[in-house]
Amino acid sequence: MAKQVAHPKQVKFCAFCKRWNGNADLEFKSPTAGFQFTTGVSGKCMATNGTIGSTGNNTSSCKHYEPSVEASRLL
């Protein structure tokens with residue numbers, strides 16, 4: 001599994017959502033870079049009760065997306 005750096009202002013990955021239950025090893029890098037996390041990690045969406053990866057495909061249009069506490073600090 002690969003590591004990726006992304007910012008919650010630019011993308012809405014499941015790894016940044018408070019309703020996603022998984023361990024993507026979120027690691028803060030900097031206020032401009034955002035977080036480093038592991039891609040391809042499976043987790044569970046607590047809103048839809050479905051299994052989805054840390055970089056979920058439909059998160060930009062997900063009506064249940066809400067930034068986690070960590071992600072909201074950069075917004």
Side-chain angles (χ1 to χ4, degrees):
M1 297 193 196
K3 295 277 189 176
Q4 181 176 349
V5 176
H7 198 288
K9 273 189 177 178
Q10 298 167 345
V11 291
K12 295 179 180 179
F13 287 142
C14 291
F16 300 147
C17 183
K18 74 177 192 176
R19 291 183 173 87
W20 187 74
N21 185 15
N23 185 11
D25 297 324
L26 223 58
E27 180 184 338
F28 178 74
K29 285 301 189 185
S30 73
T32 54
F35 293 95
Q36 178 177 328
F37 63 97
T38 307
T39 60
V41 176
S42 289
K44 188 169 192 164
C45 177
M46 304 313 275
T48 63
N49 204 25
T51 302
I52 193 160
S54 57
T55 56
N57 296 333
N58 298 320
T59 53
S60 60
S61 63
C62 179
K63 62 184 174 191
H64 303 289
Y65 178 83
E66 191 170 336
S68 66
V69 174
E70 296 88 357
S72 64
R73 290 180 184 153
L74 295 181
L75 300 178

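The hydrophobic clustering, which links ILVMFWY residues whose side-chain heavy atoms are closer than 4.5 Å, places Phe28 and Val11 together.
In this structure the side chain of Trp20 never reaches within 4.5 angstrom of the side chain of Tyr65, judged on heavy atoms.
With sequence neighbours excluded, the residues satisfying side-chain hydrogen bond (donor to acceptor under 3.5 Å, both in side chains) with Glu66 are Lys18, Arg19. Legend: residues meeting side-chain hydrogen bond (donor to acceptor under 3.5 Å, both in side chains) with Thr32, ordered by chain and number and at least two apart, are Ser30.
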- [ ] Take Thr39 and Phe13 through the side-chain contact (heavy atoms from CB on, under 4.5 Å) test and state the conclusion after the steps.
- [x] CA-CA 10 Å; Thr39 60; Phe13 287 142; over 6 Å; no
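Looking at every heavy atom in both residues, Thr51 comes nearest to Ser42 through CG2-CB, 4.2 Å. What you find for Pro8 and Leu74 is that their closest heavy atoms are CD-CD1, 4.0 Å. Considering every non-hydrogen atom in both Cys14 and Gly53, the closest pair reads CB-O, 3.5 Å. Looking at every heavy atom in both residues, Gly40 comes nearest to Ser54 through N-OG, 3.5 Å. A pairwise comparison of heavy atoms in Ala33 and Val5 identifies O-CG1, 3.6 Å as the closest pair. Taking both residues in full, the closest heavy atoms of Phe37 and Ala6 are given as CE2-CB, 3.9 Å, listed atom of the first, atom of the second, then distance.
In this structure, CZ on Phe35 lies 10.5 Å from CD on Glu27, to the nearest 0.5 angstrom.
Annotation: side chain to side chain donor-acceptor pair (under 3.5 Å) contacts involving residues 1-10, sequence neighbours excluded, comprise Lys3-Thr38.
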